Amino acid sequence: MDTNLPVTSQPRIVIIGCGFAGLRLAKDLADSPVQVVVIDRNNYHNFQPLLYQVATGALEADSIAYPIRKIFAGQQNFFFRMADVERVDTGRNTVVTNIGEIRYDHLVVATGSLTNYFGLDSIERNAMQIKSIPNALNLRSYLFQNFEKALLTEDPAQRQALLNVVVVGGGPTGVEICGSLAEMRKDVLPQDYPELDLKQMEIYLVESGEEVLGPMSKDSQVQAKQYLEEMGIHVRLNMKAQRFESGKLYYSETEYIRTENLIWAAGVNGAAVEGLPEAAVARNKRINVDTVNRVLGFQNVYAIGDVANMVTEEMPRGYPMLAPVAIQQAEQLAANFKRLFQGEALKPFKYLNKGSMAIVGRNRAVVDLPGNKHFGGFFGWLTWLFVHLLTLVGFRNKVVTLVGWAISYFSSDKALRLIIRPYKRNDFKDDKGKSSAQHNASTPQYNPSVPTPTASVVGG
Ligand SMILES: Cc1cc2nc3c(=O)[nH]c(=O)nc-3n(C[C@H](O)[C@H](O)[C@H](O)COP(=O)(O)OP(=O)(O)OC[C@H]3O[C@@H](n4cnc5c(N)ncnc54)[C@H](O)[C@@H]3O)c2cc1C
């Protein structure tokens with residue numbers, strides 16, 4: 001198949017992925033004398049930090065996604081192809097996709113990350129993940145399907161399992177989704193399900209480490225745990241999920257928590273593309289890059305964002321998988337492309353940490369700023385809302401989100417609880433139906449010290 005891209009005498013830069021990194025790079029190359037070709041399997045950019053609000057009925061999916069073609073309307077050197085990249089052929093400077101082959105002069109891999117189940121097959125088969133908009137919508141449907149089923153069962157143990165929710169992973173995603181579920185239990189479910197005894201519904205946050213929000217300050221960790229407990233969430237630290245069978249999440253050989261609703265937010269791997277040499281891909285499936293984001297062993301192949309494994313003295317385990325890192329690497333690479341075309345030396349990446357934050361619920365958030373400054377409560381919550389609103393793509397999305405949040409704040413209601421597409425468990429895979437374990441068989445073992453996508457200041 002021909003991808004029908006215009007022939008050009010300018011260098012062609014192909015970017016795989018239009019997440020935070022790919023989008024910023026393509027934008028920053030707008031005035032450069034290059035042809036920019038972006039490939040993504042979706043025709044929209046997805047604002048992942050707010051996925052949990054879609055999953056819990058607080059926001060519409062459309063308000064956290066934005067059509068890629070609309071973002072780039074008017075950018076003359078920009079071309080988009082909606083396609084799945086199957087592999088790269090670096091020998092022929094070609095990307096192989098499901099719609100045909102695309103030649104490049106420079107290739108930038110910005111494919112983000114995939115959920116890592118650490119080889120726990122029973123969990124991978126049956127847990128829900130939240131990496132994509134379809135995942136979030138499926139999760140929303142599934143929770144409400146189970147509440148409907150809870151009304152029908154005569155068996156108290158089965159009812160308990162249908163109502164209970166267990167979230168594994170005490171990073172920002174786990175903390176944020178638990179908080180949102182607790183608000184749903186308090187404000188929404190009693191109105192919709194007066195026949196159910198919601199005191200039976202327990203929400204558990206299971207974390208294998210010693211604290212929640214691992215990479216944040218001690219103050220934030222303690223405050224977030226306190227918020228979670230105030231909201232009635234059972235925080236189980238130093239507890240490792242081991243297997244999930246017949247509505248039971250086992251954390252030892254014999255001990256378990258009963259649940260039909262298991263949400264896995266415990267780890268991610270890089271989403272490295274196929275076709276790179278083994279030495280270029282680290283164990284966690286991130287792509288090894290040097291300090292200018294060039295893939296080791298190549299002159300014209302780069303990786304940025306979550307998928308890039310840039311190990312430095314300052315960051316011996318690689319930079320955290322965060323939106324600001326992705327955005328800043330993209331900005332730096334765009335500037336370096338300009339230097340390259342002018343025959344100048346490239347400058348190494350330096351991360352400017354603007355802080356991190358996580359929200360637990362209404363008027364409850366924690367914020368760490370550089371210089372060991374911490375605050376929380378109402379001002380933390382306002383800061384979180386403001387930063388996330390500012391960084392959402394598109395004016396319409398900002399307005400719709402702001403209005404949605406204002407309505408929820410004053411009415412304590414989450415309006416979006418439709419079961420549009422009833423969902424079966426066992427299909428909670430990423431957009432492609434793949435988890436990282438399936439993506440590549442040699443999955444590292446479950447190790448809480450491996451950095452997972454962590455908190456949380458978006459923008460940068
Ligand atoms: C639930 C959740 C909450 C988060 N919260 C925060 C937060 O509060 N703060 C924060 O800073 N970070 C947060 N993160 C992390 C943040 O979203 C990532 O660090 C960021 O998205 C990385 O950007 P990226 O461009 O590298 O990858 P992504 O944004 O993941 O983009 C990758 C793109 O590549 C495309 N793609 C992948 N493979 C292929 C292929 N083979 N073919 C075609 N297209 C492909 C995907 O469709 C996607 O559009 C969160 C992540 C999740 C999942």
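We count ligands from 1, going down the list as the structure has it; atoms in each ligand are counted the same way. Values in this document were obtained by computation on a predicted structure and should not be read as measured data.
Phe78 and Phe80 have parallel rings, their planes meeting at less than 30° on a 0 to 90° scale where 60° marks the start of perpendicular.
Between the side chains of Gln329 and Asn293, at least one donor N or O lies within less than 3.5 Å of an accepting N or O. For the residue pair Lys131 and Ser113, a side-chain donor N or O sits within less than 3.5 Å of a side-chain acceptor on the partner.
Checking Met82, Met321, Lys131 against atom 15 (C) of ligand 1, the nearest heavy atom belongs to Met321. Between atom 32 (C) of ligand 1 and the options Ala110, Pro324, Ala136, Gly17, the minimum heavy-atom separation is to Ala110. Considering only non-hydrogen atoms, atom 29 (O) of ligand 1 lies nearest to Gly19 out of Gly270, Gly19, Gly22.
Taking a cut-off of under 4.0 Å to the non-hydrogen atoms of Asp306, the atoms of ligand 1 that pass are 18 (C), 19 (O), 20 (C), 22 (C), 26 (O). Heavy-atom contacts of Leu322 reach the following atoms of ligand 1: 10 (C), 11 (O), 12 (N), 19 (O) (cutoff under 4.0 Å).
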Show your reasoning for whether ring-ring contact (aromatic ring centres under 6.0 Å, His included) applies to Tyr117 and Phe244.
-> CA-CA 12 Å; Tyr117 294 92; Phe244 183 41; over 10 Å; no
Gln328 vs Gln332, side chain to side chain donor-acceptor pair (under 3.5 Å): CA-CA, chis, key distance, verdict = CA-CA 6 Å; Gln328 290 180 31; Gln332 177 75 3; over 6 Å; no
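Distance check, rounded to the nearest 0.5 Å: CD1 of Ile68 to CG of Leu23 gives 7.5 Å. Here Thr115 contributes atom OG1 and Trp264 contributes atom CH2; the two are 10.0 Å apart, rounded to the nearest 0.5 Å.
Below 3.5 Å of separation, one finds no N or O of Asn46 facing any N or O of ligand 1. Remark: ligand 1 and Val85 share an N or O pair separated by less than 3.5 Å (distance only, no angle test). Annotation: Leu51 places no N or O atom under 3.5 Å from an N or O atom of ligand 1; distance criterion only. Taking any N or O of Ser113, backbone or side chain, none lies under 3.5 Å from an N or O belonging to ligand 1. Checked against a 3.5 angstrom limit, the closest N/O atoms of Ala323 and ligand 1 fall inside it. For ligand 1, none of its N or O atoms has an N or O atom of Val273 under 3.5 Å away. Taking any N or O of Gln48, backbone or side chain, at least one lies under 3.5 Å from an N or O belonging to ligand 1.
Here the options are Tyr66, Phe72, Phe20, the test is ring-ring contact (aromatic ring centres under 6.0 Å, His included), and the partner is His45; only Phe20 passes.
At a heavy-atom distance under 4.0 Å, only backbone atoms of Ala83 (N, CA, C or O) approach ligand 1. With a 4.0 Å cut-off on non-hydrogen atoms, Thr173 touches ligand 1 through its side chain and not its backbone.
Ligand 1 has Asp84 within reach: a non-hydrogen atom of the residue lies less than 4.0 Å from it.
Taking each heavy atom of Gln35 and Arg12 in turn, the nearest pair found is OE1-NE, 2.6 Å.
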